[in-house]
Amino acid sequence: MALSPLNRRRWRNFKTNRRAYWSLILMAILYGLSLCAELLANDRPLLVRYQGSYYTPFLSFYSEQTFGGDLRTEAKYAFPEVQCLIVAGGAEACWDDPEGYMAEAQDKGTVEGAPVDRGWILWPPIPYKYNTIVNTGGVAPGPISAQNWLGTDDTSRDVLARVIYGFRLSITFALVVTVLTSIIGIAAGAVQGYFGGLTDLIFQRVIEIWASVPSLYVIIILSAVFTRSVTLMIFLMVMFGWTSLIGVVRAEFLRARNFEYVRAAKALGVGDGRIIFRHVLPNAMVATLTMLPFIITGTIGALAMLDYLGFGLPASAPSLGQLSRQAQQNLQVPSLAFVSFFTYAIMLTLLVFIFEGVRDAFDPRKTFR
């Protein structure tokens, strides 16, 4: 679909802001890679060839019996016995000396002199998921090594895998919360500012009462009462964050509702909804977009703070806030602190630069060459 002339001008203005443009490209690359986290960090292979057939364990469930084993449970692909069964074509000898028979099958194509249909396993670059327990010889948290590029946390889980999944979770969480709070806040502020009078008075009193509620304590209490989940945290964040845009949108509508073109539209019989969304709201978008960087970075910071305190996402979730808490509890492993700091610094800096460019692109008073 072709862009309108106004949107083309906005896109040209955004591209002129090189800092915002390259931040958008870098963030798109990082977020795009995190969306493919299962292909980058997974404890299940991407592709398996066994007896001439191909399997995709990272997408589907395969029992050990599928590869010549005895159990009906999911195959443990990291076990040498299962790997030997796949490589040696299901040879029974794999249960005696899996590593030796697997090497023989790879080199000679035989096991105990009998020819086999050699299989293979294609692993992702990081053979661990965010909840995979890594064998580091009893050392946790573990240091940076060839096996674990950023080390392991205090429960022997790979830090790099948790950063990839945690980056995706944090960005997605912040975007969802920002969109929902923006929709509610813009709608409420538009109704207040456009109609004014008693509607504005009642809304203001409700907002004053709601804003006086100690949101952090309420979130902590509700997180302790109910089962913690991503859905619960999104609901709580939206419930206490929807008032952040009301003041800005309300002020813009109070200013614009007495403009000549609004009075002319009313005189021509144009409906209130059409005037609000087509004529007044576009003029209020610049002030609204100015607040979005603070909302999205504040959401990420609030989630990190709650996770750091232990009242955020479940302990099993790949949370970056949990990584910060582990860094504080394990000062003897400084790599945890450095990873946590640089992850948040890069993520928040890119987001702020992007939204600054978006704000300037929507500002009709700014022109770029």
Side-chain angles (χ1 to χ4, degrees), residues 3-14 17 20 174-213 215 234-300 302 351-352 354-368:
L3 295 176
S4 64
L6 178 60
N7 288 329
R8 285 201 298 268
R9 172 187 174 276
R10 289 168 176 171
W11 174 243
R12 287 196 303 268
N13 289 346
F14 181 82
N17 190 335
L175 291 177
V176 171
V177 172
T178 302
V179 169
L180 294 178
T181 55
S182 298
I183 292 174
I184 299 174
I186 290 174
V191 170
Q192 273 190 258
Y194 181 79
F195 293 103
L198 184 60
T199 302
D200 185 29
L201 182 64
I202 295 175
F203 261 100
Q204 281 297 100
R205 301 293 80 78
V206 172
I207 292 172
E208 289 174 1
I209 295 173
W210 189 253
S212 63
V213 176
S215 58
I234 291 176
F235 172 76
L236 294 177
M237 290 290 188
V238 173
M239 187 173 64
F240 290 102
W242 65 276
T243 59
S244 55
L245 285 176
I246 288 182
V248 177
V249 178
R250 172 178 172 270
E252 289 293 324
F253 271 80
L254 285 173
R255 181 176 66 89
R257 68 173 184 165
N258 293 320
F259 286 173
E260 294 297 330
Y261 67 89
V262 176
R263 292 183 178 181
K266 288 181 179 180
L268 292 173
V270 180
D272 292 330
R274 188 178 181 87
I275 295 175
I276 289 175
F277 290 103
R278 184 167 182 176
H279 297 288
V280 184
L281 184 59
N283 292 328
M285 286 304 297
V286 175
T288 303
L289 291 172
T290 304
M291 298 296 296
L292 289 185
F294 302 102
I295 296 176
I296 194 168
T297 55
T299 301
I300 294 175
L351 289 173
V352 169
I354 291 170
F355 278 100
E356 282 183 353
V358 172
R359 177 199 62 193
D360 294 340
F362 275 80
D363 191 347
R365 296 168 295 180
K366 289 195 175 185
T367 57
F368 301 90

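Any value given below was found using the heavy atoms of this structure, including those in side chains, with hydrogens, waters and symmetry copies removed.
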Q.
Just so I know, are the side chains of Leu245 and Ser182 near enough to count as touching, which here means a heavy-atom distance under 4.5 Å?
A. yes
Q.
Test of understanding: with side-chain contact (heavy atoms from CB on, under 4.5 Å), list the residues that count as partners of Phe259, not counting sequence neighbours.
A. Arg255, Ala256, Tyr261, Val262
Q) Looking only at heavy atoms, what is the nearest atom pair of Ile354 and Phe14, with distance? A) O-CE1, 3.7 Å
Q: Could you tell me whether Phe195 atom CZ has more than 12 heavy atoms of other residues or ligands within 6.0 Å of it?
A: yes
Q | Closest approach of Gly357 to Ala20 (non-hydrogen atoms, all atoms of both residues) | A | CA-CB, 3.6 Å
Q. Which atom names give the shortest non-hydrogen contact between Ala174 and Ile296, and what distance separates them?
A. CB-CG1, 3.6 Å
Q | Residues Trp210, Met239; criterion side-chain contact (heavy atoms from CB on, under 4.5 Å); working and verdict | A | CA-CA 10 Å; Trp210 189 253; Met239 187 173 64; 3.5 Å; yes
Q: In sequence, state the C-alpha distance, the side-chain angles, and the governing distance for Arg250 and Gln204, and then conclude on side-chain contact (heavy atoms from CB on, under 4.5 Å).
A: CA-CA 10 Å; Arg250 172 178 172 270; Gln204 281 297 100; 3.7 Å; yes
(Q) As a quick check of understanding, evaluate side-chain contact (heavy atoms from CB on, under 4.5 Å) for Phe355 and Phe294, giving each step before the final call. (A) CA-CA 9 Å; Phe355 278 100; Phe294 302 102; over 6 Å; no
**Q.** Approximate separation, where rounding is to 0.5 Å, of Tyr194 OH and Phe277 CZ
**A.** 11.5 Å
**Q.** Distance, nearest 0.5 Å, that separates CZ of Arg12 from CZ of Arg9
**A.** 8.0 Å
Q | Full working for side-chain contact (heavy atoms from CB on, under 4.5 Å) between Lys266 and Ile275 | A | CA-CA 8 Å; Lys266 288 181 179 180; Ile275 295 175; 3.7 Å; yes
Q | Side chain to side chain, Ile183 and Val179, heavy atoms closer than 4.5 Å | A | yes
Q.
Return the CG to CD distance between Leu201 and Gln192, rounded to the nearest 0.5 Å.
A. 10.0 Å
Q | Side chain to side chain, Asp360 and Asn13, heavy atoms closer than 4.5 Å | A | no
Q. Is it true that a side-chain atom of Trp11 and a backbone atom of Ala361 form a donor plus acceptor pair closer than 3.5 Å?
A. no
Q. Val238: what forms a side-chain contact (heavy atoms from CB on, under 4.5 Å) with it, not counting sequence neighbours?
A. Val177, Leu180, Thr181, Ile184, Ile234
Q: Report yes if some heavy atom in the side chain of Phe253 is under 4.5 Å from a heavy atom in the side chain of Ile276; otherwise report no.
A: yes
Q. Side chain of Thr299, backbone of Ile295: donor and acceptor closer than 3.5 Å?
A. yes
Q. Could you state the interatomic distance from CD1 (Ile186) to CD1 (Ile246), rounded to the nearest 0.5 Å?
A. 10.5 Å
Q: Specify the closest pair of heavy atoms between Gly241 and Ser244, including all atoms of both residues, with the distance to one decimal.
A: O-OG, 2.9 Å
